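Both ligands and their constituent atoms are indexed starting at 1 by order of listing. Because the structure is a prediction, the values reported are computed rather than measured.
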Amino acid sequence: MTEKYPDSLKGSKSLLAKYLTPEMFEELKDKKTSNGFTLSDAINSGVQNPDSGIGVYAGDEESYEVFAPLFDKIIEDYHGFTKNDKHISNLNPNDLDALNPDSNGEYILSTRIRVGRNVADIPLGTAILKDQRQKIEKDVSKVLISFSGSLAGKYYPLNNMSEADSQSLIAEHFLFKAGDRFLEAAGLNKDWPNARGIFHNDDKTFLVWINEEDELRIISMQAGGDIKEVFTRLTTAIAEIQKSVKFAYDEHLGFITSCPTNLGTALRASVHIKLPKLGENMDEFKSIADKHNVQIRGIHGEHSDSEGGVYDISNKRRLGVSEVECVQDMYDGVVALIKREKELSL
Ligand code: ADP
Ligand code: DAR
């Protein structure tokens with residue numbers, strides 16, 4: 001248990017440092033959830049990594065209540081979402097207005113849409129016990145390998161995966177990297193790689209990560225820019241899994257995740273897109289991105305760089321908007337970025 005206010009926060013620009021005042025620290029430092037998750041556990045990632053953007057993780061659904069003075073401020077700052085707001089969910093692809101914005105394939109290399117999910121009534125990855133994590137792997141992989149048709153596929157435990165196969169799947173953007181220092185300090189890499197793995201269908205267009213940052217990451221992805229087809233496959237897969245797995249959900253916070261940035265829809269819709277001209281005009285690039293609530297990232301996951309003028313463009317909003325609105329945000333941002341890229345190329 002951390003007895004005194006962490007010195008490392010004094011120089012940090014994280015939301016944790018912004019909102020955890022010494023007074024709030026005194027108020028919360030002796031509190032813990034019924035799973036024994038403490039304030040020290042929740043803030044360790046941001047304390048060990050002062051360069052965090054957020055710096056805090058929940059250990060269970062209860063954390064969002066027990067440490068509400070801190071989480072509520074961070075959630076309001078990041079999502080613009082207050083205690084009185086209610087999350088709305090809409091997973092109906094018919095409500096998405098997204099004709100392929102790049103049917104000639106000049107710009108969009110690939111599209112990926114993922115949601116995070118955690119199993120109801122047990123701790124999140126940050127506080128889960130080894131046997132609970134193993135039960136998730138056993139139960140969820142059993143559901144997935146029972147699928148037929150276009151969702152049919154195989155489960156590959158990381159335990160039995162060769163380093164070469166693991167690196168190849170990571171290089172092809174199908175598999176998660178071993179947890180970074182932020183996840184490490186949050187306790188999300190405990191017992192790694194035990195009970196971690198990846199399911200994918202035969203075409204590698206439907207994938208499920210088990211026990212990475214969230215207990216499930218349900219992913220639909222394919223080459224090109226048919227965003228609506230990717231979303232339709234994702235919603236079909238979520239509905240199938242939900243028939244057998246109860247997800248942690250709260251009417252205020254939506255789908256419960258370990259990182260507060262993923263609450264709500266827990267959805268990130270992204271394209272890998274060639275925008276070399278905008279890449280030479282980053283101020284304009286960022287201005288268009290901000291206007292459309294999209295974020296610019298590198299192509300090998302969080303904290304990575306763009307390569308060869310290819311960028312990962314994805315929705316920024318996840319809570320207080322529906323899944324359809326998240327994907328619409330990304331789509332509308334991509335349309336605007338392609339329009340500007342074409343103008344700069346004349
Ligand atoms: P998440 O949103 O699940 O946190 P990351 O951004 O960490 O995903 O990326 C995980 C992997 O998915 C990385 O290898 C990344 O390159 C890949 N990825 C993300 N978006 C796309 C995309 N649109 N096309 C292909 N691969 C993608
Ligand atoms: N790196 C951590 C997490 C930020 C959000 N990304 C997640 N959850 N993968 C930070 O606090 O910056």
Side-chain angles (χ1 to χ4, degrees), residues 9 12-19 42-58 74-75 77-79 102 107-118 124-126 166-186 188-189 198 200 204-205 207-209 212-214 216-227 230-231 234 257-263 265-274 294-307 310-316 318-319 326-327 330-331 334:
L9 292 188
S12 170
K13 292 185 171 45
S14 65
L15 293 185
L16 168 63
K18 182 175 177 182
Y19 293 109
I43 68 173
N44 192 56
S45 187
V47 169
Q48 300 302 325
N49 301 285
D51 58 333
S52 292
I54 314 300
V56 62
Y57 290 83
I74 289 175
I75 288 165
D77 187 308
Y78 186 88
H79 294 285
D102 179 33
Y107 301 94
I108 301 175
L109 298 177
S110 52
T111 300
R112 175 182 184 270
I113 307 178
R114 65 81 167 158
V115 293
R117 290 291 185 269
N118 289 282
L124 299 166
T126 34
S166 167
Q167 286 308 320
S168 152
L169 282 169
I170 290 170
E172 291 175 275
H173 306 299
F174 294 123
L175 181 58
F176 45 83
K177 302 171 286 196
D180 62 25
R181 57 191 165 94
F182 304 98
L183 303 184
E184 177 68 30
L188 283 159
N189 296 341
I198 178 173
H200 64 71
K204 293 187 187 160
T205 55
L207 307 94
V208 179
W209 295 349
E212 191 238 1
E213 178 176 336
D214 288 302
L216 289 83
R217 285 286 172 92
I218 307 168
I219 301 160
S220 173
M221 65 193 290
Q222 66 191 48
D226 193 337
I227 293 164
V230 175
F231 188 52
L234 178 68
T257 56
S258 51
C259 178
T261 63
N262 280 313
L263 286 167
T265 61
L267 186 146
R268 196 171 83 84
S270 68
V271 291
H272 279 183
I273 183 169
K274 289 181 281 189
V294 294
Q295 56 182 152
I296 304 165
R297 292 168 45 149
I299 62 168
H300 291 288
E302 192 167 21
H303 309 306
S304 69
D305 300 320
S306 70
E307 286 178 11
V310 179
Y311 296 85
D312 175 316
I313 302 297
S314 62
N315 60 296
K316 202 184 282 183
R318 290 196 232 300
L319 172 60
C326 289
V327 183
M330 183 271 271
Y331 177 83
V334 165

Starting from atom 3 (C) of ligand 2, what is the nearest protein heavy atom, named by residue and atom, and what distance separates them? Tyr57 OH, 3.4 Å

Under 3.5 Å between some N or O of ligand 2 and some N or O of Cys259? no

Note: ligand 2 atoms sitting under 4.0 Å from heavy atoms of Gly55 are 11 (O)

Under 4.0 Å from a heavy atom of Val271: which atoms of ligand 1 are those, numbered in the order shown and with their elements? 23 (N)

Donor-acceptor pair, side chain of Thr265 and main chain of Arg318, under 3.5 angstrom: yes

Is any side-chain N of the basic residue among Lys274 and Asp102 closer than 4.0 Å to the acidic one's carboxylate O? no

In terms of residue, atom name and distance, what is the protein heavy atom nearest to atom 8 (N) of ligand 2? Glu213 OE2, 2.8 Å

Is there side-chain contact between Val327 and Ile227, with heavy atoms separated by less than 4.5 Å? yes

Heavy-atom pair with the smallest gap, counting every atom of Ser14 and Ser52: CB-O, 3.2 Å

Examine distances only and state if a side-chain atom of Ser306 and a backbone atom of Tyr311 form a donor-acceptor pair shorter than 3.5 Å. no

So is Phe174 close enough to ligand 1, meaning a heavy atom under 4.0 angstrom away? no

Going by the order shown, which atoms of ligand 1 are within less than 4.0 Å of some heavy atom of Arg217? 1 (P), 3 (O), 4 (O)

Would the distance check show the side chain of His79 and the main-chain N or O of Pro260 forming a donor-acceptor pair, the cut-off being under 3.5 Å? yes

Using a 4.0 Å cutoff against the non-hydrogen atoms of Thr261, which atoms of ligand 2 qualify? 5 (C), 8 (N)

Mark up the atoms of ligand 2 that fall under 4.0 Å of a heavy atom belonging to Ser52, in ascending order. 10 (C), 11 (O), 12 (O)

How many angstroms lie between CZ in Arg114 and CG in Asp214, if you round to the nearest 0.5 Å? 7.5 Å

Nearest-contact summary for atom 20 (N) of ligand 1 - protein heavy atom, Å: Ser270 OG, 2.8 Å

Near His173 (heavy-atom distance under 4.0 Å), the atoms of ligand 1 are 12 (O), 14 (O), 15 (C), 16 (O), 17 (C), 26 (N)

Ignoring angles and geometry beyond distance, decide whether Arg297 reaches within less than 3.5 Å of ligand 1 through its nitrogen or oxygen atoms. yes

List the closest protein heavy-atom neighbour of atom 25 (C) of ligand 1: residue, atom name, distance to the nearest 0.1 Å. Ser110 OG, 3.3 Å

Is the shortest side-chain heavy-atom distance between Ser270 and Met330 below 4.5 Å? no

Which atoms from ligand 1 have a heavy atom of Asp312 less than 4.0 Å away? 19 (C), 20 (N)

Checking a contact table here: which protein heavy atom is nearest atom 6 (N) of ligand 2, and how many Å away? Glu302 OE2, 2.6 Å

For atom 21 (C) of ligand 1, what's the nearest protein heavy atom and its distance? His272 NE2, 3.3 Å

Are any of the heavy atoms in Glu213 under 4.0 Å away from ligand 1? no

Between Arg112 and ligand 1, which part of the residue brings a heavy atom under 4.0 Å of the ligand: side chain, backbone, both or neither? both

State whether the shortest distance between N or O atoms of Val56 and N or O atoms of ligand 2 falls below 3.5 angstrom. no

Side-chain (Asn44) to main-chain (Ala185) donor-acceptor, under 3.5 angstrom: yes

Are the side chains of Tyr57 and Leu124 in touch, meaning some heavy atoms are under 4.5 Å apart? no

Tell me which protein heavy atom sits closest to atom 9 (O) of ligand 1, plus the residue, atom name and distance to 0.1 Å. Gly301 CA, 3.6 Å

Phe182 N/O under 3.5 Å from ligand 2 N/O: no

Closest non-hydrogen atom pair, Thr126 against Ala58: OG1-O, 2.6 Å

Please work out whether any backbone atom (N, CA, C, O) or any side-chain heavy atom from C-beta onward of Ile54 is under 4.0 Å from ligand 2, and answer side chain, backbone, both or neither. both

Minimum-distance protein heavy atom relative to atom 10 (C) of ligand 2: Gly53 N, 3.4 Å

Backbone or side-chain N or O of Met221 under 3.5 Å from ligand 1 N or O: no

Side chain, backbone, both or neither: Ile299 near ligand 1, heavy atoms under 4.0 Å: backbone

Between Thr111 and Asp226, is any pair of side-chain heavy atoms under 4.5 Å apart? no

Please determine which of Leu207, Asn262, Ile198 meets the side-chain contact (heavy atoms from CB on, under 4.5 Å) test together with Arg217. Asn262

Quick one: are Phe174 and Met221 in side-chain contact, heavy atoms under 4.5 Å? yes

Do Ile299 and Ser304 come close enough that some side-chain heavy atom pair is under 4.5 Å? no

min-distance protein heavy atom vs atom 2 (O) of ligand 1 -> Arg268 NE, 2.6 Å

Heteroatom distance test (Thr111, ligand 1): nitrogen or oxygen, under 3.5 angstrom: no

Backbone of Phe182 reached by a side-chain donor or acceptor of Ser45 within 3.5 Å: yes

Of the side chain and backbone of Arg114, name the one, both, or neither that has a heavy atom under 4.0 Å from an atom of ligand 1. side chain

Part of Trp209 with heavy atoms under 4.0 Å of ligand 1, whether side chain, backbone, both or neither: side chain

Can you check whether Val271 reaches Tyr331 side chain to side chain, under 4.5 Å on heavy atoms? no

